[in-house]
Amino acid sequence: MWFGVAVGTVALVIFIYKYVFSGSGPNPFEKDSREPLKKMVFDKKEKNKVLKQGFVASKVPDNLDAVVVGSGIGGLGLAVLLAKVGKKVLVLEQHDRAGGCCHTFTEKGFEFDVGIHYIGEMQAHTPLRCIVDQMTDGQLQWSPLDNPFDHVVLGPPEKRRRYPIYSGRTRFPEELKKCFPGEEKAIDEYVKLVEKTGKGVWFLGFLKLCPVPLAQFLVHTGLVQRLSSFFRMASRSLTDVVNGLTENKDLRAVFTYIFGTYGNLPKDSSFAMHSLIVTHYLNGAWYPKGGASEIAYHMIPIIEKAGGAVLVRAPVNRILFNEAKEACGVSVMKGQEEIHIHAPIVVSNAGIFNTYQKLLPKELQATPGVQKQLSMMKNGEGGLSIFIGLTGTKEELGLKADNYWIFAENNFNELMENYLKGKREESARQVPLLFVASPSAKDSTWEDRSPVGKSTLSVVTFAKYEWFEQWKDGKVKNRGADYQELKQAFIDSVLQVVMDVFPKISRDKVEYIDAGTPITNAHYLGCPRGEFYGADHGIARFSPELNATVRAQTPLKNLYLTGQDVMLCGFAGALAGALSCGSVILNRNLHLDAIALAKKNKSADARLKGE
Ligand SMILES: Cc1cc2nc3c(=O)[nH]c(=O)nc-3n(C[C@H](O)[C@H](O)[C@H](O)COP(=O)(O)OP(=O)(O)OC[C@H]3O[C@@H](n4cnc5c(N)ncnc54)[C@H](O)[C@@H]3O)c2cc1C
Ligand SMILES: *[C@@H]1O[C@H](CO)[C@@H](O)[C@H](O)[C@H]1NC(C)=O
Ligand SMILES: CC(=O)N[C@H]1CO[C@H](CO)[C@@H](O)[C@@H]1O
């Protein structure tokens with residue numbers, strides 16, 4: 001045992017030397033690449049020239065350094081990292097526009113975004129802000145949400161309780177204490193636990209980048225839990241931790257409401273995942289100025305500048321392997337024809353299930369390493385979105401730059417379990433969890449880029465894939481009357497709650513309303529079971545072993561994973577997946593490079609202030 005520990009310690013020292021303090025590959029964050037702000041482009045036709053470049057074989061650059069399947073933030077992010085060190089990368093997207101969860105669409109003149117409502121840690125000098133600045137050459141700007149940024153609404157219409165959630169390390173607990181007198185101790189303890197657990201997340205990145213034998217050593221000796229507060233709390237459920245802090249049912253609910261951002265019931269959620277999200281928003285929340293499509297719009301030119309391309313309507317139907325079983329390219333379906341594209345590196349942003357179960361040849365799917373990873377992950381819960389276009393300005397409709405989390409009661413576990421286990425027609429009539437937000441009210445440029453006097457509202461909740469599965473092979477926008485009827489049942493009950501919580505919204509203000517079901521998500525977002533956040537984020541996802549095993553480097557040579565299944569879900573999580581993937585491909589720790597650049601920026605600002 002002690003011999004093992006000694007060997008392990010030596011390995012750790014070597015690791016720290018080799019991977020943490022140095023790195024032999026080129027550094028995409030070497031120099032600050034931000035450029036002076038250009039004028040924002042609102043013209044959709046202009047933007048589509050970048051976002052909607054259709055695939056044809058003649059547009060594929062030759063001598064590619066890498067090909068990426070999927071144009072979510074994980075795919076584009078990785079491509080930009082490689083482009084910044086001069087590599088020629090092709091990104092292929094199955095949908096008709098780039099962006100994945102960051103794409104937007106327009107119906108009846110209303111622009112809606114799909115998967116970006118609020119992002120934390122965008123204040124100056126954070127590594128995340130620095131990474132995003134570099135990946136968009138400083139062109140992507142952020143509108144802060146109001147403070148309070150979230151509102152938790154609990155209970156039935158006649159007895160609704162509203163709790164505003166403020167950001168700010170001191171303001172967050174202070175405001176909670178005003179709502180829950182007598183619970184000061186529980187609130188302080190909660191914040192302390194959340195912060196301590198969240199801070200230990202660096203170890204997650206470490207486990208994914210260090211050599212596999214070292215990772216296994218750390219996992220099997222239990223050193224992982226000793227060294228990292230993150231993993232110490234990872235096996236405890238959110239319900240378990242929170243119930244230990246207070247008896248107050250509403251406070252328990254307010255401590256846990258944000259589970260909707262990763263999709264597991266509090267009793268199945270890892271306290272570690274929860275802590276990450278809470279700390280993510282502790283210093284504020286932001287929305288991309290100009291809407292979510294700005295993200296891809298400012299990343300694609302960087303990929304192109306290095307000779308690469310981002311092409312849409314390019315569904316990859318399989319990954320190509322040579323005789324030595326090394327990935328060597330992909331095949332794209334163009335109508336009935338397969339077009340082969342070769343590259344020495346293949347990166348998949350399509351998620352672990354699509355990649356391993358749909359894109360690998362059968363015999364490689366059976367590789368023990370691949371099977372081991374698949375056995376450790378499961379699909380996340382399906383999602384349902386309702387998009388509402390309204391007549392009226394934000395003032396007229398009482399909409400602000402914030403989010404509402406509306407629950408039928410404070411017993412989230414039973415509430416959600418009954419809903420998800422229920423008969424779909426009955427569940428549709430009583431949706432117990434709604435996330436409601438107005439993207440138009442969050443964006444300071446909305447009035448400049450949209451018809452006058454219009455607003456949008458997005459509603460998000462969960463729904464079983466199985467409820468809709470029978471229609472999955474139907475034609476989009478024409479799946480039949482019974483499918484429409486089920487959708488309408490969800491729309492009607494949800495709209496009722498929305499009008500109740502937002503009294504200035506009435507039926508006659510609704511100009512456009514439609515629902516996207518799990519099968520809609522599967523179609524546009526390419527997720528296999530309509531899941532919002534990729535693979536499930538329950539407690540099992542945070543076992544140290546899984547974290548050490550599921551990595552950017554797959555068991556197959558030259559095939560890598562990027563995006564939310566590598567690290568965690570969310571804009572920041574998927575981007576962290578891209579950084580991990582880039583670190584492996586470029587053979588240097590890009591997380592540390594980004595932190596170094598953020599520090600440089602901070603000290604430069606401090607110098608400027610001092611002058
Ligand atoms: C409704 C909703 C709300 C959300 N709200 C927030 C939020 O407020 N804040 C936040 O931080 N996060 C939020 N998220 C989560 C966040 O958007 C995602 O976790 C993140 O964007 C995922 O990025 P990704 O690159 O891993 O995957 P994706 O964005 O899903 O990208 C994967 C891409 O791969 C493509 N693809 C799949 N298969 C193929 C194939 N065979 N060939 C070619 N292309 C393929 C898909 O079409 C897709 O474009 C939300 C998500 C949803 C759905
Ligand atoms: C540091 O980063 C912030 C946020 O992007 C930016 O506003 C500021 O100009 C940067 N400072 C310097 C000195 O580059
Ligand atoms: C799914 C899985 O393999 N889980 C393992 C995670 O790691 C712990 C030890 O840290 C094992 O006990 C689990 O079986």
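Atoms within a ligand are numbered from 1 in the order they appear, just like the ligands themselves. Quick note: residue numbers are just sequence positions, from 1. Basis for what follows: all heavy atoms, side chains included, without hydrogens, waters or symmetry-related copies.
- The atoms of ligand 2 that sit less than 4.0 Å from any heavy atom of Asp133 are 4 (C), 5 (O).
- Crowding of Lys88 atom NZ: a count of heavy atoms from other residues, nucleotides or ligands under 6.0 Å exceeding 12.
- Not one N or O of Val460 is nearer than 3.5 Å to an N or O of ligand 1, by distance alone.
- Here Ala314 has backbone heavy atoms under 4.0 Å from ligand 1, and that is the only part of it that gets that close.
- Judged by distance alone, with hydrogens and angles left aside, the side-chain atoms of Asp150 form no donor-acceptor pair with the main-chain N or O of Tyr166 at under 3.5 Å.
- Salt-bridge annotation for Asp32 and Arg34: present, with a side-chain N of the basic residue lying under 4.0 Å from a carboxylate O of the acidic one.
- Heavy atoms of Ser458 stay at 4.0 angstrom or farther from ligand 1.
- With salt bridges taken as basic N to acidic carboxylate O contacts below 4.0 Å, one links Asp137 and Lys84.
- The shortest N/O to N/O separation between Phe532 and ligand 1 does not fall below 3.5 Å.
- Residues Ile585 and Tyr560 meet the side-chain proximity criterion, which asks for heavy atoms closer than 4.5 Å.
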| Can you check ring pair (Phe, Tyr, Trp, His ring centres under 6.0 Å) on Phe407 and Phe412, steps first, answer last? | CA-CA 8 Å; Phe407 297 88; Phe412 297 166; 4.0 Å; yes

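- Summary of contacts: the protein heavy atom closest to atom 36 (N) of ligand 1 is Gln94 CG, 3.8 Å.
- Heavy atoms of Ala574 found under 4.0 angstrom from ligand 1 belong exclusively to the side chain.
- Under 4.0 Å from ligand 1, not a single heavy atom of Asn521 appears.
- At least one N or O atom of Asn601, backbone or side chain, sits closer than 3.5 Å to an N or O atom of ligand 2.
- The number of heavy atoms from other shown groups lying within 6.0 Å of NZ (Lys378) does not exceed 12.
- Of all protein heavy atoms, the one lying nearest to atom 34 (O) of ligand 1 is Gly70 CA, 3.2 Å.
- Near Ala604, with a cut-off below 4.0 Å to any heavy atom, the atoms of ligand 2 are 13 (C).
- Interface atoms of ligand 2 facing Arg34, defined by a heavy-atom separation under 4.0 Å, are 2 (O), 5 (O), 6 (C), 8 (C), 9 (O), 10 (C), 12 (C), 14 (O).
- In terms of protein heavy atoms, atom 17 (O) of ligand 1 is closest to Gly115 O, 2.9 Å.
- Taking any N or O of Val316, backbone or side chain, at least one lies under 3.5 Å from an N or O belonging to ligand 1.
- Residue-to-ligand polar distances keep Gly99 apart from ligand 1: every N/O pair is separated by 3.5 Å or more.
- Residue Asp32 has no nitrogen or oxygen atom sitting less than 3.5 Å from a nitrogen or oxygen atom of ligand 2, judged on distance alone.
- Counting heavy atoms under 4.0 Å from ligand 1, residue Val114 touches it through the backbone alone.
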